[in-house]
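Note sheet for the following structure.
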Amino acid sequence: MNSVHRLLLRLVFVLLVVPCVAVAGEVTVFAAASTKTALDDVAEAWTAQTGHRAVIAYAGSSALARQIDHGAPADVFISANADWMDVLERAGLLRGGTRQDLLGNRLVLIAHGQAAEVEVGPELDLAGLLGEERLAMALVEAVPAGIYGKAALEALGLWASVAGQVAQTDNVRAALALVATGEAPLGVVYATDAVADSRVSVIGIFPEDSHPAIVYPVAAVSGGDNPLTMDFLTFLRSDAARHAFAAQGFITLRE
């Protein structure tokens, strides 16, 4: 068989086989930085089950919401608080009927390495624990973890004594990194962040009534026609996803 015949046979084979091959698709997810470890596992499980891929952009919820508001091509948004989801909903940027509360979390005080536990309350001498060092927190006026943290410290009467020593970061994982590397001795993060890095320890848990309930809503972003969007939203409620979220300390919320 000459080379021309071989080439023709290969072309025929391609024309016959290629239409039958399922082409994997992608869904673009904008997600709060604090969901990274768990959501990476969820995305991996979704790929294993469906063959499709979730392309996930992690950042502070405020930054992600602003990007969506400016036209960033997200299919799904997972926020670390309701306020930034509200902003997009008021702007008509969420697909109607898709918003739901997905996860819950706790707020904790962490230390670099191993440290003695403390009771987080009005009697805590947080300024004394810090000394001349810094307290790592996400942006206290914009990023949910920072907003919750400031609210809790204010409610406990501790904010005024440490406000000048707060090292603010663009997202909660960056605050975690400051403590993990020893650049800050203490930080305020989510319980799930503390699980993600063995270089930090939880030394105290903030009382639940010291800050608004920590809820992560999820919704489909309007304007897109990706057929995988709703499939991915459904998968976030699956047993596999719940297990991945729970393994990182998230509270999975029922519909």
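- A distance below 6.0 Å separates the ring centres of F250 and Y216.
- Across all their heavy atoms, A138 and A175 have their closest contact at N-CB, 4.0 Å.
- Within the model, atoms CH2 of W46 and CG of D231 stand 7.0 Å from one another, a figure rounded to the nearest 0.5 Å.
- More than 12 heavy atoms of other residues, nucleotides or ligands shown are found within 6.0 angstrom of CG on D125.
- In plain terms, the two heavy atoms of P217 and D101 that are nearest each other are CB-OD1, 3.8 Å.
- Side-chain N or O atoms of S201 include one that pairs as donor or acceptor with a backbone N or O of G113 at under 3.5 Å.
- Scanning all heavy atoms of the two residues, the minimum distance from S62 to V143 falls at OG-CG2, 3.9 Å.
- At a cut-off of 3.5 Å, with distance as the only test, no side-chain donor of S34 or D193 sits close to an acceptor on the other residue.
- Residues L139 and T169 form no side-chain contact, since every pair of their non-hydrogen atoms from C-beta on lies 4.5 Å or further apart.
- Annotation: side chain of V55 is not in contact with side chain of V27 (no heavy-atom distance under 4.5 Å).
- Residue D41 qualifies as enclosed at atom CG: its count of foreign heavy atoms under 6.0 Å is above 12.
- Here the side chains of Y190 and V172 are in contact, with some heavy-atom distance below 4.5 Å.
- Here CG of L88 is found 5.5 Å from CZ of F77. Values are rounded to the nearest 0.5 Å.
- Counting heavy atoms from C-beta outward, L102 and R237 have side chains that approach closer than 4.5 Å.
- E141 and K150 are joined by a salt bridge, as a carboxylate oxygen and a charged side-chain nitrogen come within less than 4.0 angstrom of each other.
- Counting all heavy atoms, side chain and backbone alike, A194 lies closest to V189 at N-CG2, 4.4 Å.
- A donor-acceptor pair shorter than 3.5 Å cannot be found between the side chains of R99 and S79.
- Considering only heavy atoms from C-beta on, V202 stays 4.5 Å or farther from L109 through its side chain.
- Counted within 6.0 Å of CD on E183, heavy atoms from surrounding residues, nucleotides or ligands total more than 12; the atom is thus considered enclosed.
- Both V120 and L135 belong to a common hydrophobic cluster when Ile, Leu, Val, Met, Phe, Trp and Tyr are linked at side-chain heavy-atom distances under 4.5 angstrom.
- Contact check for E208 versus R106: side-chain heavy atoms found under the 4.5 Å cut-off.
- Taking hydrophobic clusters as Ile, Leu, Val, Met, Phe, Trp and Tyr residues chained together by side-chain heavy-atom distances below 4.5 Å, V195 does not share a cluster with I110.
- Under the 4.5 Å side-chain heavy-atom criterion for Ile, Leu, Val, Met, Phe, Trp and Tyr, L126 and V118 are members of the same hydrophobic cluster.
- Judged purely by atom type and a 3.5 angstrom limit, H112 uses its side chain to pair as donor or acceptor with the backbone of A180.
- For the pair I147 and V140, the minimum side-chain heavy-atom distance is 4.5 Å or more.
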Legend entry - Test log, rule side chain to side chain contact (heavy atoms under 4.5 Å, CB included), inputs Y58 and D40: CA-CA 10 Å; Y58 295 105; D40 280 349; 2.8 Å; yes
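- Taking the side chain as every heavy atom from C-beta outward, T229 and R95 approach each other to under 4.5 Å.
- When all heavy atoms are compared, the tightest approach of L64 to A59 is CD1-O, 3.6 Å.
- Atom CD of E26 has more than 12 heavy atoms from other residues, nucleotides or ligands within 6.0 Å.
- Heavy atoms only, all atoms of each residue included: A54 and V29 are closest at CB-CG2, 4.5 Å.
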